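Inspection log for the structure reproduced underneath, given as structure tokens.
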Amino acid sequence: MKQTIIKLVIGIVLIGFFLIGYNFTSIGTIIEAKLYDTRFDIRGSREPSKDIIILSIDNFSLEDLGTWPWPRSYHGKIVNHLKTYGAKVVAFDVIFNTLSREPENDKMFAEEIRKSGNVVLGSMLTGAEYSKVSSGSNTTEPSESIALPEYYEEMLNGKINYGLANFRRDSDKSVRWGQLIYPLKDTMPTSQSINNEWEPTFALQVLKQYNSELAKNVQEKYFDKPFLLNFAGPAHTYKTISYSNVLKRLPLEADENGRQKTYQEIFKDKIVLIGATAEIFHDTLSTPFISGDTAQMPGVEVHATTLDTIINSLEYHRASATTNTILIIFMGLLALVLFTYLNPLLGFGAMSLLAIVYSGINLFLFLQQKYWLDWAAP
């Protein structure tokens, strides 16, 4: 009896040490994040939203239209074409925070934005350092500012839509979470700011143009709280068309039935995201889909994923820290009892079976219920 009590006490102490190490170091977080990614590979790709189309600033377009940056008149023509084709929203994942060297092209672009009335531009929260000189000591302090399309805002008398194109990243630099609103903190507010304290993201601004009622609902639901993105697949999962093809109105490829669709059929009532996919821009991010032809995903496609997730309510849900902690304690105590009252071989067999059953339940919850429960630690 005394030996049994000693074993139980030692086991409980070990469970306590494990919980401390798991909850107060980054090891557990990193392991669970990588296993979260593994679940996506197990799940495989899903059907992406057909309401979202990417207009790609790709290698083909750069070869066809010349080196970047292109004349802003090109963007004006694209806006005009897409308006003609009936696109619901045209969103540039491009930061136009300076004017070009061709004022007439800038004016033409601004005029097409005005006439279209459904264009969203990107802005960017940037980190910097400013010098602080005080009491004879030189120090630098971190500062943030927003790179925004203020010149176009001025040309359009403030009638413009833009939002932060930044992404929330985990400690391993991967993107798993979306966010609709960021706190400004010490950053100066813009004309888009909410109560001069919060700045909307690119995705939220696009959603406002696409469905204002839905945008209002999800803004109230999440506000500045992050949510888990439901990635449809690895890079190049969403329907993508080269920028150059649309600018020049080149014929589209025939579908599987040999029928050639028109641009109006393709773009009518769609969200069109315009962004860089060419390698030269280095605008790529690590995501849970680490398999496929590339481990990186273009930023514009992560915006597509964010919109797809919130429009179709596809977000995953993370189990609370309390739930995971209780589960670890329960599994630990169960293992303790099994190894205390069974011989080592039977105890190991029972725990192996329990681990297999738990893994099956864990995967079921993820695949069928979109619920992320810790896997390794329990």
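Computed from a predicted structure; not experimentally measured. Counting begins at 1 with the first residue of the sequence.
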I need the full list of salt bridge (Lys or Arg N to Asp or Glu O under 4.0 Å) pairs touching residues 340-353, with sequence neighbours left out, sorted by first then second residue. none
Mind checking what makes ring pair (Phe, Tyr, Trp, His ring centres under 6.0 Å) contact with Phe231, not counting sequence neighbours? none
Holding to ring pair (Phe, Tyr, Trp, His ring centres under 6.0 Å), I want the full list of residues that pass it with Tyr358, two or more places apart in sequence or in another chain. none
Carboxylate-amine/guanidinium contact Glu315 Lys221, below 4.0 Å: yes
Could I get the full list of salt bridge (charged side-chain N to carboxylate O under 4.0 Å, His left out) partners for Asp93, not counting sequence neighbours? none
Any residue meeting side-chain hydrogen bond (donor to acceptor under 3.5 Å, both in side chains) with Ser313, in chain and number order, not counting sequence neighbours: none
Residues forming a side-chain hydrogen bond (donor to acceptor under 3.5 Å, both in side chains) with Asp51, sequence neighbours excluded: Tyr210
Ring centres under 6.0 Å, that's the criterion: do Phe202 and Phe92 meet it? no
Taking Asp308 first and then Arg46, would you say they form a salt bridge - that is, a charged N and a carboxylate O separated by under 4.0 Å? yes
Do NZ/NE/NH1/NH2 and the carboxylate oxygens of Glu213 and Lys216 come within less than 4.0 Å? no
Non-neighbouring partners of Lys239 that pass salt bridge (charged side-chain N to carboxylate O under 4.0 Å, His left out), sequence neighbours left out: none
Tell me every residue that passes ring pair (Phe, Tyr, Trp, His ring centres under 6.0 Å) with Tyr238, counting only those two or more places apart in sequence or in another chain. none
Sequence neighbours left out, what passes salt bridge (charged side-chain N to carboxylate O under 4.0 Å, His left out) with Glu150? Give chain and number order. none
With Arg318 via salt bridge (charged side-chain N to carboxylate O under 4.0 Å, His left out) - residues at least two apart: Asp374
In chain order, what residues pass the ring pair (Phe, Tyr, Trp, His ring centres under 6.0 Å) check against Tyr222, with sequence neighbours excluded? Phe227
Note: with side-chain heavy atoms under 4.5 Å as the link, the other cluster members for Met124 come out as Ile95
